[in-house]
Q: 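Pasting a structure below so you can have a look.
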Amino acid sequence: MGKIIRLDEVTINQIAAGEVVERPASVVKELIENSIDAGAKKIEVYLANGGRQKIQVVDDGSGMERDDALLAVERHATSKIRTLADLQQSKTLGFRGEALSSIAAVSRVILQTCADPAVPGTKILVEGGVVRAVEPVGVPRGTNISVENLFYNTPARLKFMRSIPAEVTNIKEIVTSMALGYPEISFRLFHHDMELLHTLGSGDYEQTLEQIFNRSICQELFPVEGSYGPLRLTGFLGRPNIARGNRGLQYFFLNRRFFRSRLVATAAERAYDTLLPVARFPFLLLNMELPLDLVDVNVHPTKMEVKFREEKEIFRGVLQIVRAALESNVIATQWRPQYKSTVLSRVPRPEQTPMGVFPAAPFGEEASSLETVSGTGVTVVKENTPPFAETGTLKGPVPAGEVYQEVALPAEEEPEQGGDLETGPAPSGNQVGKEQGSDRVFSLFDTYLLWEDASALVLVDQHAAHERILYDRFRSGPRLKMQYFLTPLMLELTATQWETVKAEEALLQELGWDFEAFGGETLILRSGPQDFPVPEVEELFLSLLDELGGSSSGREEDPKDRLFKLMACRRAIKAGDRLSPQEATALIRDLRRTKVPQTCPHGRPTMVVITKTEIEKMFQRR
Ligand code: ADP
Ligand code: MG
């Protein structure tokens with residue numbers, strides 16, 4: 001007798017169930033999809049013991065006739081497609097015809113359904129895939145399916161069930177996702193007597209969001225809408241302040257099918273860029289529409305993943321559309337400093353105005369209060385009207401192509417005195433730019449800059465702000481200039497650092513580093529980026545290697561961007577550095593000119609705005 005036998009139907013279904021029905025949440029998903037496909041307007045889900053004991057889904061959809069109901073619990077029985085060609089065109093959520101049979105194979109199912117209220121409905125009892133009873137029953141139009149004792153006959157599966165709260169959380173996520181994808185359907189979820197979710201099915205997206213999420217989330221959402229080639233995208237995005245430590249608040253739909261996608265998540269997160277710190281993930285509700293021939297939905301048994309034909313184009317499209325929405329809703333509308341010209345700093349004035357050492361480097365080429373005078377071979381920076389000459393506290397950036405040096409002012413060029421600290425705004429001679437205004441900038445703890453803007457108190461973190469300015473400049477500017485060291489540096493590298501040097505040679509050279517192996521563990525470093533003082537350069541180089549060698553956390557990042565962030569951080573003025581009024585003004589002005597003034601390159605805020613209304617509330621004037 002041969003060794004090969006044909007498996008019986010029940011065994012086949014139990015094996016298939018392993019793919020389709022992983023846990024209670026998968027059952028819920030399949031049943032809800034069937035209800036949606038049946039045109040239900042109202043779907044109710046009842047759970048007992050996290051779904052282990054019972055999952056009941058009641059809908060008001062089309063229902064089934066007796067014979068269809070009997071077929072439905074058989075494997076590969078579907079009303080939705082007839083041929084493979086139909087599959088490609090299928091707009092229904094189900095089409096494989098294996099959900100009901102799989103579920104019925106590993107549980108006890110009571111199916112009650114009615115397609116026409118004029119005739120009695122049908123009740124079917126299935127146990128472990130075997131139909132035990134079929135009888136007429138008086139039920140309203142629709143389907144009521146109860147799945148009990150899930151996995152009772154597959155002990156291996158049963159062992160993998162998680163705790164009741166964990167299963168409930170999972171189910172709630174599935175129902176939430178479905179409710180978000182179908183605002184025109186009313187969803188209700190109960191665990192025993194506890195209602196966990198209720199949407200009214202008005203069809204209105206904003207109402208549905210409010211029925212699902214609390215106010216603190218809803219008020220931070222804004223719509224996104226756009227097209228990119230054949231891709232159309234609509235939905236809602238969350239402002240950075242409601243980002244999470246995981247991707248729990250991301251919902252993607254493709255042609256109304258809920259799916260998961262690393263590609264889409266990464267593209268959208270890339271659009272947030274430095275608006276978010278690493279390992280923070282935004283709220284995303286994205287409804288994508290694509291012609292059916294540009295996507296294969298049948299690559300996954302539970303259809304949770306899809307295969308895009310043009311992955312790169314999808315990535316670009318999502319990135320662009322999300323970016324545009326962020327630009328008009330987060331970057332542009334949040335507060336941008338209104339640059340006002342006259343700045344009075346409360347920065348304490350040095351006892352005696354020193355002979356004057358200019359700030360080593362002002363904030364770049366826009367520092368219009370500084371004029372450049374050519375001296376003998378060196379470029380001398382001359383300050384127009386410094387109210388308070390100060391020693392160069394600023395290790396600021398040098399705009400590409402210009403060289404600033406610390407130079408002592410010749411005696412006769414001693415800066416004239418500007419505005420008086422005690423008596424109010426600096427004279428007009430101190431104005432920078434054309435705008436008129438009377439804002440005063442204060443320095444707090446030598447770390448924050450404070451001023452009044454229109455009807456708000458604005459606080460800026462000087463380090464974070466400078467980081468943002470430098471990062472933008474590194475990223476958008478021309479190639480970094482390099483400086484050769486008089487004496488090359490000899491560095492001892494670890495094995496890991498050596499690997500990084502070899503792997504990232506081109507990138508490091510692009511940033512101005514010239515080096516070669518010396519023998520043994522030693523590396524000769526001949527040059528580095530121009531903006532960095534030589535004493536700091538060795539440490540910077542090693543930090544860059546460690547940054548490149550270390551794994552980036554969470555979101556994928558361009559290695560160059562990671563280096564720019566690190567360099568911006570190292571180069572930026574620090575908390576505790578005392579700024580001159582010009583520097584303070586220039587900092588604010590330059591910050592305003594950056595693309596994303598609200599956050600530093602690591603995603604932390606550069607500024608905090610407290611509105612007049614908020615202040616009034618604090619003092620109970622409102
Ligand atoms: P699929 O959804 O892939 O077709 P299923 O096993 O999930 O396969 O369902 C089999 C068939 O049973 C469906 O094609 C549909 O005709 C019918 N059916 C299942 N659930 C319902 C429901 N809630 N209301 C009406 N018909 C249903
Ligand atoms: Mg189905």
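One-based numbering along the sequence shown. Note that ligands are numbered from 1 as they come in the structure, with each ligand's atoms numbered from 1 the same way. It should be emphasised that the depicted structure is a prediction, and the values quoted were computed from it without experimental measurement.
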Q: Does only the side chain of T143 get under 4.0 Å from ligand 1, or the backbone, or both, or neither? Count heavy atoms.
A: side chain
Q: My understanding is that we take every heavy atom of each candidate and find the minimum distance to atom 12 (O) of ligand 1. Doing that for A72, A69, G61, which one comes out nearest?
A: A72
Q: Could you tell me which non-hydrogen atom of E467 sits nearest to which non-hydrogen atom of C569, and how far apart they are?
A: OE2-CB, 3.0 Å
Q: Any atom of ligand 1 sitting under 4.0 Å from a heavy atom of M64?
A: yes
Q: Could you tell me which non-hydrogen atom of R239 sits nearest to which non-hydrogen atom of V330, and how far apart they are?
A: CG-CG2, 4.3 Å
Q: For ligand 1, which atoms, with element, lie under 4.0 Å from some heavy atom of A38?
A: 24 (N), 25 (C)
Q: Would you check the N or O atoms of D59, main chain and side chain alike, for any that come under 3.5 Å of an N or O of ligand 1?
A: yes
Q: Mind checking whether E30 contacts ligand 1 via backbone (N, CA, C, O), side chain (CB onward), both or neither, at a 4.0 Å heavy-atom cut-off?
A: neither
Q: Short N/O distance, under 3.5 Å, between S62 and ligand 1?
A: no
Q: Is any side-chain heavy atom of L548 closer than 4.5 Å to one of R562?
A: no
Q: Does only the side chain of A99 get under 4.0 Å from ligand 1, or the backbone, or both, or neither? Count heavy atoms.
A: both
Q: Classify the ring geometry between F252 and F259 as parallel (under 30°), tilted (30 to 60°) or perpendicular (over 60°).
A: tilted
Q: Shortest non-hydrogen contact from P183 to D204?
A: CB-O, 4.2 Å
Q: Give the ring-plane orientation class for F213 versus F283, where under 30° counts as parallel, over 60° as perpendicular and anything between as tilted.
A: perpendicular
Q: Are E313 and R316 within salt-bridge range, i.e. N to O under 4.0 Å?
A: yes
Q: Considering only heavy atoms, does D68 approach ligand 1 within less than 4.0 Å through its side chain, its backbone, both, or neither?
A: neither
